[in-house]
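Comments concern the structure below.
Below, read A as the first sequence line, B as the second, and so on, with proteins coming before strands; counting in each chain starts at 1. All heavy atoms count here, side chains included; hydrogens, waters and symmetry mates do not.
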2 protein chains.
Amino acid sequence: MSIRKIAEMTGLSTATVSHAINGTRAVSSESKQKVLAAAAAIGYRPNIAAKFLRNNRSKTVALITPGVRPGMPSNYFYMDVMAGVHARLNEDEYSLIITTYEEPMEESRSFSFGVLEKQWCDGLLVVPNASEPSCIEQILKSELPYVLIDRKIDRFPCDYVISDNEKGSYEAVRLMYERGRRRIAFVGSQLRTSASHDRYLGYRRCLAERGLPEDRSLVLLNGSLSIEEGMRSGALLAQAGADAVFVSDNILTIGVFRYLKGAGRRIPEDISLIGYDDYEWMSDVRPGISSVKQRPYEMGYRAAALLLERLGDPGRAEGRACTLDTVLVLRGSH
Amino acid sequence: MSIRKIAEMTGLSTATVSHAINGTRAVSSESKQKVLAAAAAIGYRPNIAAKFLRNNRSKTVALITPGVRPGMPSNYFYMDVMAGVHARLNEDEYSLIITTYEEPMEESRSFSFGVLEKQWCDGLLVVPNASEPSCIEQILKSELPYVLIDRKIDRFPCDYVISDNEKGSYEAVRLMYERGRRRIAFVGSQLRTSASHDRYLGYRRCLAERGLPEDRSLVLLNGSLSIEEGMRSGALLAQAGADAVFVSDNILTIGVFRYLKGAGRRIPEDISLIGYDDYEWMSDVRPGISSVKQRPYEMGYRAAALLLERLGDPGRAEGRACTLDTVLVLRGSH
DNA sequence: TTGTATGCGTTATCAG
DNA sequence: CTGATAACGCATACAA
């Protein structure tokens, strides 16, 4: 099942066999025929480990993202990202290794990626866990080319692909302002990633531009992203007299919506709502939930493309960014 | 950055260094100290490709599933499966390679898995595409140990982990029967996988046991799984005078629900509905959608466990099955 | 157009 | 307790 076996069968040398298979130097068509026939006969498949050992390239890329937690409403955003990554890698016949980490990180466990330690891959696609500095250290230590996804890290320049969260958030808040809302609440996660940070910035920019005061009681930054937390936030902001709420996370959106409905608030008459991320079911609740739609598939696809470019041209400079526009999807809740 | 480098640094042989690192034979504590120190100093990481070449084990497993299609409501079921797989593999420090295929298969493209051709992995976890026989051929040809997930294939005995779809389906239909429904429709996909087949069987068994006639106009088997198809099915079964509908797919469930609501049918008064798979949003529509809940995370976890067992004991016989119970989640629609 | 020989990093065998 | 060395499968520099 090796190149040597084929060499024996055909009476050629391993060099000729190798070249015949890879088309890497001229081989008489006669020899080529023989080699291909023999290869087919024994079902030859190149051993990628040997190739890797020899060339230092595995044609494999790792994707590192926050994971799904059992029993929790999963964050399917990264599934769509993965689909995009996979699609792009496929075009160049790269394999995809997946590693996920728990978020928030368990205290007890240091941030370690088996994949990195094993030196499998040619490059890395990473949704960085910004609350854990060692994440970045690990990545840098691996000395592999990498592209960040969904979250950038300002401290150093590198390739990344993110959504224009600031703008998406701004537009959502502006829309509610234009509909006459003046006590607009913000529900989000703690500002540990550029994504959540930028969404908060967009909210604040809109308030500032319109001359609205910042009311701390209308800003709710949750430590964990769960439906329960979302419901709690819904209760708090209702109490604080909000007449609109922008929720910058999809799971919290469910919670806030559920609370408001359960408490008998009319949406959008009593309080208007815009959420984050776009799912089909948002059309099926009453009212439909307007939301800021990201394009996760594109995000993954573009990130993979960027990484492949870099793998093809190692000398290329870092720091190329790609910021994807969001789309405000209007249903009935705003 | 290799074992040899460490050997030079410490003045020991590569053999000793290797054993010191892996604890595979006795090494004086003094030597061990030196080796570990040197390793840390240069940031040594074992080269897995070399290991693989030597041992024929990569500690890597591939998961092959239907993929997410861009712009389509994704099937997130397999995301949860993947989470379970990942969790179990992690426990044994295995890496996970992901490959997806399009379903339904493009005609033009033969069923090929780069992963298999490259001989990356020690074993395979596969959601088989039953409509494409070459899928199985490919798997067999790879001669790797494998475990099927979500769908079994009766033709040959092998390890698999599936849901008890027949029973889940049966219970759903029975519930609607007990609520007095007599014209119960079935909406599903074409019977190309054991999963969809078994769901249909459960439906038929219930009808048969209760002495209900089988009405062909109440059975809708869709070629593609989309919301539009689901809506079309909804229209057809309403026309056919169904007073209940069991939908055996999560995406079709959205479509059927959307149609019925749009057409002004009261659920469950005019027509009752039970869907498949369980998502949070099913609680937020009105009425909440009752559904047959599978346990995808468990499914992945168990499948990975089975595979690891087999990798640890190659002589072990095939044919161990694991069938997971479903749970009927009652909301308001039944 | 073809062949020979070397080395990639690791482990295991054998011999000290 | 330690060391020398072969072998895993492949690609390539060099030689013919």
Subject >> Nearest-angstrom distance from the residue atom NE2 of A:His19 to C1' of D:dC14 >> reply: 12 Å

**OP:** Take atom CG of A:Leu53 and atom C1' of D:dT12, then tell me their distance rounded to the nearest Å.
**Re:** 14 Å

Original post:
OP1 or OP2 of D:dG3 less than 4.0 angstrom from a side-chain nitrogen or oxygen of B:Thr16, does that happen here?
Top reply: yes

**OP:** Please report, rounded to the nearest Å, how far the C1' atom of C:dT2 is from the CG atom of A:Asn22.
**Re:** 16 Å

**OP:** Compare side-chain N and O positions of B:Arg4 against OP1 and OP2 of C:dG7 and report whether any pair is under 4.0 Å apart.
**Re:** no

Original post:
Which part of the nucleic acid, if any, lies within reach of A:Ser31 when heavy atoms closer than 4.0 Å are counted: base, sugar-phosphate only, or nothing?
Top reply: sugar-phosphate

Original post:
With nearest nucleotides of DNA chain D determined for A:Arg25 and B:Asn56 from heavy-atom distances, which residue corresponds to the more 5′ nucleotide?
Top reply: B:Asn56

Subject >> Any side-chain donor near an acceptor of the partner, B:Tyr76 and A:Asp80, under 3.5 Å >> reply: yes

**OP:** Could you state the atom-to-atom distance from CZ of B:Arg57 to C1' of C:dT11 in whole Å?
**Re:** 15 Å

Original post:
Which angle, to the nearest 10 degrees, lies between the helix axes at the two ends of the helix from C:dT1-D:dA16 to C:dG16-D:dC1, each defined by five pairs?
Top reply: 40°

**OP:** Round to a whole Å and report the spacing from CG of A:Asn47 to P of C:dT10.
**Re:** 16 Å

Subject >> Given DNA chain C, 5'-ward residue of the pair A:Thr14 and A:Ala26, judged by closest heavy atom >> reply: A:Ala26

Original post:
Would you say the side-chain atoms of B:Lys59 pair up with the backbone N or O of B:Asp92, donor to acceptor, closer than 3.5 Å?
Top reply: yes

**OP:** Check B:Arg310 against B:Asp159 and note the closest heavy-atom contact, atom names and distance.
**Re:** NE-OD2, 3.0 Å

**OP:** Round to the nearest Å and state the distance from B:Phe52 atom CZ to C:dT10 atom P.
**Re:** 16 Å

Original post:
Do the side chain of B:Arg54 and the base of C:dA12 come within less than 3.5 angstrom through a donor-acceptor pair of N or O atoms?
Top reply: no

Original post:
Would you call B:Arg88-B:Glu91 a salt bridge at under 4.0 Å N-O?
Top reply: yes

**OP:** Answer yes or no: is there a donor N or O on one side and an acceptor on the other, between the side chain of A:Arg151 and the main chain of A:Pro128, under 3.5 Å?
**Re:** yes

**OP:** Could you tell me the separation between the NZ atom of A:Lys51 and the CZ atom of A:Arg54, rounded to the nearest 0.5 Å?
**Re:** 12.5 Å

Subject >> B:Ser28 vs D:dT2: side-chain N/O to OP1/OP2 distance below 4.0 Å >> reply: yes

Subject >> Between CG on residue A:Leu140 and SG on residue A:Cys158, distance to nearest 0.5 Å >> reply: 8.5 Å

Original post:
Tell me: CD1 of B:Ile3 to C1' of D:dG3, nearest whole Å?
Top reply: 13 Å

Original post:
C:dT4 phosphate, OP1 or OP2: any side-chain N/O from A:Ser13 under 4.0 angstrom?
Top reply: no

Original post:
Rounded to whole angstrom units, what separation is found between the CD1 atom of A:Ile48 and the C1' atom of C:dC8?
Top reply: 15 Å

Original post:
Between D:dT12, C:dA12, D:dT2, which nucleotide has the shortest distance from any of its atoms to the side chain of B:Ala15?
Top reply: C:dA12

Original post:
Quick one: which of D:dT12, C:dG3, C:dG9 gets closest to the side chain of A:Thr24?
Top reply: D:dT12

Original post:
Which value, rounded to the nearest 0.5 Å, describes the distance between B:Thr60 atom OG1 and B:Phe52 atom CZ?
Top reply: 7.5 Å

Original post:
Under 4.0 Å: is that the gap between some side-chain N or O of B:Asn55 and OP1 or OP2 of C:dT10?
Top reply: no

Original post:
Reckon B:Lys51 has a side-chain N or O less than 4.0 Å from the OP1 or OP2 of C:dT11?
Top reply: yes

